[in-house]
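This report refers to the structure that appears directly beneath it.
Starting from 1, each residue takes its place in the sequence as its number.
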Amino acid sequence: MCRTLAAFPTSCLERAKEFKTRLGIFLHKSELGSDTGNVGKFEWGSKHSKEGKNFSEDVLGWKESFDLLLSSKNGVAAFHTFLKTEFSEENLEFWLACEEFKKLRSATKLASRAHRIFEEFICGEAPKEVNIDHETRELTRTNLQAATAACFDAAQRKVRALMEKDSYPRFLKSPAYRDLATQAMAASASPSSGSPAEASHT
């Protein structure tokens with residue numbers, strides 16, 4: 001069983017280990033308090049964590065499109081960590097809250113959750129007020145009178161567009177992500193690019 005690992009050059013194994021450690025440190029900061037439970041599910045170290053090449057591809061995929069970033073649990077955690085450094089994490093938290101909200105099937109739960117989301121992110125005195133225009137705010141307020149799964153759609157689209165246009169490009173240029181992407185490329189290339197000469201470093 002150990003033979004498979006032994007077949008890899010030591011430097012490849014060390015590089016992969018370093019990459020995993022670096023990612024763990026980067027995402028460790030994404031652990032959140034109980035008041036933001038929606039984001040808490042995206043912590044590094046969960047049973048959803050990926051290994052090896054697949055995980056490297058996941059990290060590298062984040063720069064391909066904003067959709068790929070948002071569809072990756074680890075990508076969301078990393079992006080949330082970055083947004084916290086810019087004091088704008090409420091945008092992602094609101095987007096995630098809307099995604100969870102749309103999965104509700106009970107009309108009673110929809111109504112109560114809708115008011116909770118509105119009070120937390122939309123209303124003028126909201127503790128995590130998102131940056132949307134007055135018209136969208138008032139439209140959302142009106143939608144709450146007969147809450148449906150779509151009542152936050154307009155606000156969610158505005159916030160998503162803001163993140164994609166503004167925060168996402170800065171995230172990709174951040175030293176943390178660039179360093180992580182470099183490690184991912186190295187880990188992804190290691191199994192195929194390792195030369196026999198590298199094995200002499202044992």
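- Under the rule for a ring pair (Phe, Tyr, Trp, His ring centres under 6.0 Å), the partners of Phe101 that lie at least two apart in sequence or sit in another chain are Phe152.
- Ring pair Phe79/Phe66: centre-to-centre distance below 6.0 Å.
- The hydrophobic cluster containing Phe82 does not contain Leu162, counting ILVMFWY residues as joined when their side-chain heavy atoms lie under 4.5 angstrom apart, directly or transitively.
- Atom NE2 of His134 sits about 8.0 Å away from atom CZ of Arg141, to the nearest 0.5 Å.
- Smallest separation of non-hydrogen atoms from Ser65 and Tyr168: C-OH, 3.2 Å.
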Walk me through it: do Lys128 and Phe121 pass the test side chain to side chain contact (heavy atoms under 4.5 Å, CB included)?
CA-CA 5 Å; Lys128 298 179 180 179; Phe121 296 102; 3.8 Å; yes
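- The OG1 atom of Thr108 lies 12.5 Å from the CZ atom of Arg113; values are rounded to the nearest 0.5 Å.
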Begin from the C-alpha positions of Glu86 and Ser167 and carry the test side chain to side chain contact (heavy atoms under 4.5 Å, CB included) through to its verdict.
CA-CA 9 Å; Glu86 297 199 332; Ser167 306; 4.1 Å; yes
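- Counting all heavy atoms, side chain and backbone alike, Leu172 lies closest to Arg178 at O-CG, 3.4 Å.
- In the hydrophobic cluster analysis, where Ile, Leu, Val, Met, Phe, Trp and Tyr join through side-chain heavy atoms closer than 4.5 angstrom, Leu144 is grouped together with Val159.
- The line from OG of Ser88 to CG of Asp166 is 8.0 Å long, rounded to the nearest 0.5 Å.
- Minimum interatomic distance between Ile122 and Ala155 (heavy atoms only, all atoms of both residues): CD1-CB, 4.2 Å.
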Run the numbers on Trp62 and Asn74 for side chain to side chain contact (heavy atoms under 4.5 Å, CB included), then give the verdict.
CA-CA 10 Å; Trp62 303 346; Asn74 291 312; 3.9 Å; yes
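- Atom SG of Cys123 is separated from atom CZ of Arg137 by 8.0 Å, given to the nearest 0.5 angstrom.
- Without hydrogens or angle criteria, Tyr177 side chain to Ala78 main chain gives no donor-acceptor distance under 3.5 Å.
- A side-chain hydrogen bond (donor to acceptor under 3.5 Å, both in side chains) check over residues 143-161, counting only residues at least two apart or in different chains, returns the pairs Asp67-Arg160, Glu99-Gln156, Lys102-Gln156, Asp133-Lys158, Arg160-Glu164.
- Between Ala154 and Leu139 the shortest heavy-atom distance is CB-CD2, 3.8 Å.
- Closest approach of Thr140 to Cys151, counting heavy atoms only: CG2-O, 3.9 Å.
- Annotation: salt bridge (charged side-chain N to carboxylate O under 4.0 Å, His left out) contacts of Glu119 (sequence neighbours excluded): none.
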Derivation and outcome, side chain to side chain contact (heavy atoms under 4.5 Å, CB included), residues Trp95 and Val130
CA-CA 10 Å; Trp95 185 87; Val130 292; over 6 Å; no
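- Across all non-hydrogen atoms, the minimal contact from Leu68 to Glu64 is CD1-CB, 3.6 Å.
- The pair Lys84-Glu90 fails the salt-bridge criterion, with no side-chain N (NZ, NE, NH1 or NH2) lying under 4.0 Å from an Asp/Glu carboxylate O.
- Taking CG of Leu110 as the start and NE2 of His115 as the end, the distance is 12.0 Å to the nearest 0.5 Å.
- Between Asn54 atom CG and Ser56 atom OG the span is 8.5 Å, to the nearest 0.5 Å.
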